[in-house]
Structures are given as structure tokens and as C-alpha cells.
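What follows is a short report on a single structure.
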Amino acid sequence: MNTYRTHFCSDLTLKNLSEKVTLSGWVDTIRDHGNLLFVDIRDNYGITQCVIDATNNLFKKIAKINNESVIKIKGEVTKRNETTVNTSLSTGEIEVKIESFEILSNSNTLPLPVNSDIEYGEEIRLKYRFLDLRRNKLHKNILLRNKIISDIRKKMIDRDFVEFQTPILTSSSPEGARDYLVPSRLHQGKFYALPQAPQQFKQLLMIAGFDKYFQIAPCFRDEDSRADRSPGEFYQLDFEMSFVTQEDVFEAIEPVLFEIFNENKKNNKIIVSPYPFKRIPYNEAMEIYGTDKPDLRNPLNIKDYTTVFKGSNFKIFSDQIKKGSVVKGIIVKNTGDQPRSFFDKLNNWAREQGAAGLGYISFTDNAFKGPIAKNLDENQLLSLNLEVNDSIFFICGKLKEAQLFSGKVREKICNDLNLLNKASFEFCWIVDFPMYEIDEKTNKIQFSHNPFSMPQGEMEALENKNPLDIKAYQYDIVCNGVELSSGAIRNHKPEIMYKAFDIAGYTKEELEEKFSGMLNALKFGAPPHGGSAPGIDRIVMLLADEPNIREVIAFPMNQQAMDLMMDAPARIDKDRLEELGIKLIDKN
RNA sequence: GCGGGAGUAGUUCAGCUGGUUAGAACGCUGCCCUGUCACGGCAGAGGCCGCGGGUUCGAAUCCCGUCUCUCGCGCCA
């Protein structure tokens, strides 16, 4: 190939026997037998074993090389003796007999071993990220990420989506997160904001007539991190389409997601749910799964048992029902014969979670057991429809909190009993999100999602319906309990926009001041349009089967939003601050 | 901002209800070793037990404070 190498470290096989080759790469391991030594040389593509014996005068020099030094070796490809073949390497049938070598770059003693798969602390991994990235797992994850992104790009372009770049320095957008701000030198006292998403720009591109937009878009939000939420920045497959209904958007992206998952899954045993994906209305998701991002691999469902307990002798529940509470229950198969401790542990867990407890009834040998059973009469017990060896767990509370806690119980029991079919990706759409909700602190009506979504029923619904009953053309896509994206059919009519904001307590003037660019554009002929934006990092995380998003990002920040390698954020020289017209205040 | 877990050698960890010189493995240094692939063997160096204070004859261990990392909650419409 060139002066550094004729082959990659994954290339050589018996076909290359007797060839004189040159390899360059990192010293993975040296095994020194005194008069014979092996060097495993590693590059992006693989590992090749090289060998030298003490009759060669280079022997002593090679023996002293540190791991992870970069070397170039020249030598002859030789066949390994049958007993010494290594079947776990693609190059395991040959080795290279070293004839000469050159150290291209020395490595100090490593703070973090590279040739090992054991877990290390995140602090050291992030500080020496370049070493961590050399290691097998992370290296593979990043290559997978690249493959997924290039696949996405191909598939979107094949479907006539057009790729755009949108500004990084922009102004605050309508999303609800905190913006990252960048001070302006030319306009002192004013700030740019990094985009939380290219939401307004993609809508403007639709208004500009480009019909189908997409972008592998960087998004910036100054919010606290989670295991599946990178601090600061993340990437979305942002897309938008003109002249479409909600169903058209679903039909456009479902095959892309299905193929991405099906073509990049770890092995062929993994099943990807076929499209069209299940559509679940928000209210139904809350009723059956107790969450708006259900993991459909979990076989447990929540049902309502309020009527069973309404007139029952179980005072704890029936009294609460009189005050407006509901009772939710989860039937779990094959648990009637679990020991008392199983139920006690769950009860204790529920208390730790802040619930009063977790009552249950189990049905075995045609008898109902458990602390609640004696409080129900026969008809009430039979109406539970339990089969032999079923248990049912009850949650009582105000609707929303009962739903949410039932969701936690559903997840907890599923995990404890290991009921999840891990070898599958189960997609669903959550649709019909409410347009508005009540702010519990202020009791005021506010947007529950993106204020730019089109309300179902449009102007007619805004004028005549109770705002809390209005649904939006707003949808999420969920996979295995992970929210991959939010999307919507947008509101493209200014008069509906004014009305929608009016209901949430914004005057026409406030709206025009905040979103003048967008609003103005809608007045010059905006097509009906909508889209969505699946999170790239989360897609890679699912496909790489990683529990933490930092494992699929080359250079992530830590939980405190610091880059330990580049030392960001950092203090800025006084001169620079002065230039920007910024004076720091000492909060202490 | 709040709650859980963690912080001991370069690294991953052990170290009991307080007790003499703080251990192991990997890595590092030196020596031995011609078929290993996590090579093996012998020897050695390496520690402010996160930091500060307190209790005690005595603290890695108990108490208080503080810092750092991490998971969750709030937050992310």
C-alpha cells in the first residue's frame, strides 16, 4: 500500500504465505519467552501475531518496547504449526516473522490498559478517552455509530429527503429546555443561543418549498444528564415533510427505523417488530402501561378494578374511592405459589417508593389468599378473573399517581421475575397527546408539548372544546421503553396559532415578539407539514446494547457536563470577557 | 437543588464489631525461560487509605464537615 503498510492487521491469511509484508500498528501485547517472543500488532481492522527469536539481533530491542507504542514491522508471512493456530483471530493461521522494525512512536506506561475488556472507572476513562476509544468495546461502538449514521443518510436520500445544515448560532427556540448561550461581541449584552433542535429552521425550509428535509442534527440543551441523556449535546435524525398527515409521516419513517434496527442488530436471533408499528393513544398507554413510553416486551398489563372495590368491605380502598381515587391491578401469572417473602419484599419496595404498600391476592388450589382477599365477597373475587396460580397486585390512588405507580410496579415485577424477552426491539407510536395540561403549581393551562403542534379539530376545537380535552397531532416513537423521538403535524395557520397561544395565556403581542420569524413566515403561504426527530445516540445505544449513552459517544462529557480530557468548561481571560462586555459576579 | 452508592498502589479491588509492618491481581523494573496468544517462573519498586476536623492509648475502619465520581428524583414542553 505505502511506506507504512502493505496490509492491514486483519488481512493476512494462508493465501499470503511467503510474502514479504509491512504492518504498522499498536503493540497490543508482547509475550517474551526469553529466546523467542511474540508481538501482537493491532490496528483498526484486527490483530496479527509477529514472531522473532534470539538469533536475530533485534530481539532485545523489541523485548523492551512498551505496550501501545506504535511500530512498523517488515517480515515474511509464515504458516503456523497446527497446534499453535489461534481460531479467534482472522489472521490466526499465520504469523509474520520479523525481519526489521521501526518504532514510529513510543508510549509511556499506560494509565488505562488497552488490551483488556474489564471495566474501569469513568473518570479515568474520560480523561484518557483516546485510550479508551482504542479498546475493543468502545472502538466497536463508535464504528457501529458510524455505520448507523451512514445507513440513515443513504436511506433518507433514497427516499428523496434533502439534507440541510442549519445555524448553530441562533436565537432561543420554543422548546422548554434551558438554552446554551453564547455572548455576542458586536452586540454587547445580547446573546446567541445554541439550537435545542432545528425546529423552526426545518419548518421554514418546508415553507421555502423544499418538500422533504432531513439532517443528522446536533442539538444543545443545558439540562442535567441521565444514563440515557447526554449532558449538553446530542444528535437527532431530524426530518420534516410537506403536504402530509400524521399517517404519512409514520409511513415514511417506519421502514427506515425498521431497516436500521434489522440491519444493525447484534445477531439474527433478535426480532424487530414489523411495521406498521402499534399506535397507542396517550390515554390508553397511561391506563395499560402506566407510562407514555411503554416497554412492550413486558407482558404485564394494568387494568382498572375500581368497581370491584367500590362497595367492598375493604375500607382502605373503598373510602379512598369515595374521595375520587381509583384502583389499578396487575395480574401476574405463575406466582400464586411464591413464598410469603416474595410479596413482603415487593410491599417493602413499594413503601420505599413512597406508596402506602402493595396489596395482593393470589389464587391457588381454588382458594384466594393474601391480606386483601378476606375483605372481598365471592362475587367480587370471581370478578377478578384470576386463573390458578395467578396473583394480582393492587394500587389505589388518584388517577394520575395510581397510573404512574402502577407503571413502576409493572416494571419492577417484570424485572424481578425476568419476564422481558431481551432478544427483541418492540416499537410503538404513542399518539393523541393532550394539547394542554394544568400546571399543578399555578393551576394555569399550559402547553403539554410543542406549542407549534396542530390541535386535532383545529380552530373549531380550540373555540368550542374544554382545552384539557383537546388532543394534538403530536406523537412519540418508543422502542423497548426508550423514547426515541417526539414529532408532530405542525400548526401552519397563524390564526390558529394566535388562538392556541391565547388559551395558554399568551397575548398576540407576546407571541409576535417571541416567534416573529416563524409567525411571519406562516403568513406567506405555508404548506401543511410535519415530521419527527429520532435520537441517534439512543438508537445506537439500543443497538449496541449499552445501558449508558456515553458508551456510544466518542467524546462525551461527564455527568456534571465537564469534558475531563479537554478541561471544559474553563475560565476565560479577563481581556476576552472585557471584549464581550461581561463582568463576572461572585455568588458567594 | 434533593436522595442512594462509591472514593485504599499506575489500574481493578480486598481489608470484619477500631489493634502492631495496609494486602491481592494486572501493570511497572530486574533476572530466568524457543510456541505463546490474559504465556509462565523468581525477585523488587510502588500508598497523605479523597481532603479537613473530632472521638480514642490507638482510626483506612467510628462520628461530623467537605470535595469528587456515579445512579435516580426534580429538570428535559
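Throughout, a chain's letter reflects where its sequence line sits, starting with A, and its residues are numbered from 1.
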**Asked** B:rA9 pairs with which nucleotide, Watson-Crick or G-U wobble, both distances below 3.5 Å?
**Response** none
**Request:** Have a look at A:N548 and say if it touches a base, only the backbone sugar-phosphate, or nothing, with a 4.0 Å heavy-atom cut-off.
**Result:** sugar-phosphate
**Request:** Rounded off to whole Å, could you give me the CZ-to-P distance for the A:F405 and B:rC73 pair?
**Result:** 15 Å
**Message:** Is the phosphate of B:rU68 approached by A:Q560 (side-chain N or O, under 4.0 Å from OP1 or OP2)?
**Reply:** no
**Asked** Do the rings of A:W429 and A:F250 sit parallel, tilted or perpendicular, given the 30° and 60° boundaries?
**Response** parallel
**Request:** Quote, to the nearest angstrom, the C1' distance that separates B:rG15 from B:rA22.
**Result:** 8 Å
**Message:** Would you measure the distance from the C1' atom in B:rG18 across to the matching atom in B:rA59 and give it in whole Å?
**Reply:** 6 Å
**Item:** Between B:rC69 (C1') and A:R550 (CZ): distance, integer Å
**Value:** 10 Å
**Message:** B:rC37, OP1 or OP2 - any side-chain N/O from A:N86 closer than 4.0 Å?
**Reply:** no
**Prompt:** In whole Å, what is the span from the CD atom of A:E119 to the P atom of B:rC69?
**Reply:** 19 Å
**Request:** Classify the side chain of A:R221 and the base of B:rC76 as holding, or not holding, a donor-acceptor pair under 3.5 Å.
**Result:** no
**Message:** Quick one, A:L133 and A:I142 - any side-chain contact, counting heavy atoms below 4.5 Å?
**Reply:** yes
**Request:** Would you mind classifying the nucleic acid contact of A:M562 as base, sugar-phosphate or nothing, using non-hydrogen atoms under 4.0 angstrom?
**Result:** sugar-phosphate
**Request:** Consider the side chain of A:D224, meaning its heavy atoms from C-beta on, and name the nucleotide among B:rG1, B:rC71, B:rC76 that approaches it most closely.
**Result:** B:rG1
**Asked** Hey, does A:E95 reach any base, or is it just sugar-phosphate, or nothing, if we go heavy atoms under 4.0 Å?
**Response** base
**Request:** Name the nucleic acid region contacted by A:Y120, choosing base, sugar-phosphate or nothing; use a 4.0 angstrom heavy-atom cut-off, strictly under.
**Result:** sugar-phosphate
**Asked** Once the angle between the rings of A:F433 and A:Y282 is folded into 0 to 90°, is it parallel (under 30°), tilted (30 to 60°) or perpendicular (over 60°)?
**Response** tilted
**Asked** How is A:L37 classified with respect to the nucleic acid when contacts are heavy atoms under 4.0 Å: base, sugar-phosphate, or nothing?
**Response** nothing
**Asked** If we call it a pair only when both distances are under 3.5 Å in a Watson-Crick or G-U wobble match, what pairs with B:rG19?
**Response** B:rC57
**Prompt:** Looking only at atom P, what distance separates B:rU12 and B:rG27, rounded to whole Å?
**Reply:** 15 Å
**Request:** Name the closest nucleotide to the A:D40 side chain, picking from B:rG35, B:rU70, B:rC37.
**Result:** B:rC37
**Item:** Separation of atom CD in A:E123 from atom C1' in B:rG10, rounded to whole Å
**Value:** 15 Å
**Message:** Regarding B:rC37, can its base be found pairing with the side chain of A:R80 as donor and acceptor, where the two atoms are less than 3.5 Å apart?
**Reply:** yes
**Request:** Please confirm whether any donor atom in the side chain of A:R125 sits under 3.5 Å from an acceptor in the base of B:rC69, or the reverse.
**Result:** no
**Request:** Flag as yes if A:H33 stacks onto the base of B:rC39 (centroids under 5.5 Å, planes under 30°), otherwise no.
**Result:** yes
**Asked** Can you tell which of B:rU36, B:rC69, B:rC76 lies closest to the side chain of A:R31?
**Response** B:rU36
**Asked** If we call it a pair only when both distances are under 3.5 Å in a Watson-Crick or G-U wobble match, what pairs with B:rC2?
**Response** B:rG72
**Prompt:** OP1 or OP2 of B:rC69 sitting under 4.0 Å from any side-chain N/O of A:N558?
**Reply:** yes
**Asked** Which listed nucleotide (B:rU34, B:rU12, B:rU36) is nearest to the side chain of A:I124?
**Response** B:rU12
**Prompt:** Which residue lies toward the 5' end of RNA chain B, A:T84 or A:L110, if each is placed at its nearest nucleotide?
**Reply:** A:L110
**Asked** Can you tell which of A:K137, A:R129, A:R135, A:R538 makes a salt bridge (charged side-chain N to carboxylate O under 4.0 Å, His left out) with A:E551?
**Response** A:K137
**Message:** Any base atoms under 4.0 Å from A:V85, or only sugar-phosphate, or nothing? Heavy atoms, all strands.
**Reply:** base
**Message:** Please pick, from B:rU36, B:rC75, B:rU34, the nucleotide with the shortest atom-to-atom distance to any side-chain atom of A:R178.
**Reply:** B:rC75
**Message:** Regarding A:S486, tell me which of base, sugar-phosphate or nothing describes its non-hydrogen contacts under 4.0 Å with the strands shown.
**Reply:** nothing
**Request:** Give A:Q49 one of three labels, base, sugar-phosphate or nothing, depending on what nucleic acid heavy atoms sit under 4.0 Å from its own.
**Result:** base
**Asked** Counting any heavy atom closer than 4.0 Å, what does A:G92 reach on the DNA or RNA strands: base, sugar-phosphate only, or nothing?
**Response** nothing
**Item:** Side chain A:N67 and base B:rG27 donor-acceptor under 3.5 Å
**Value:** no
**Request:** Starting at atom CG of A:L131, determine the distance to atom P of B:rU12, rounded to an integer number of angstrom.
**Result:** 13 Å
**Prompt:** If pairing requires Watson-Crick or G-U wobble contacts with both distances under 3.5 Å, which nucleotide is the partner of B:rU29?
**Reply:** B:rA43
**Request:** Would you kindly give the CG-to-P distance between A:N35 and B:rG40, to the nearest whole Å?
**Result:** 18 Å
**Message:** Can you tell me which nucleotide in B:rC73, B:rU36, B:rG27 comes closest to the side chain of A:R226?
**Reply:** B:rC73
**Asked** What's the CG-P distance between A:D32 and B:rC28, to the nearest Å?
**Response** 12 Å
**Asked** If we take the C1' atom in both B:rA9 and B:rG23, what is their distance in whole Å?
**Response** 10 Å
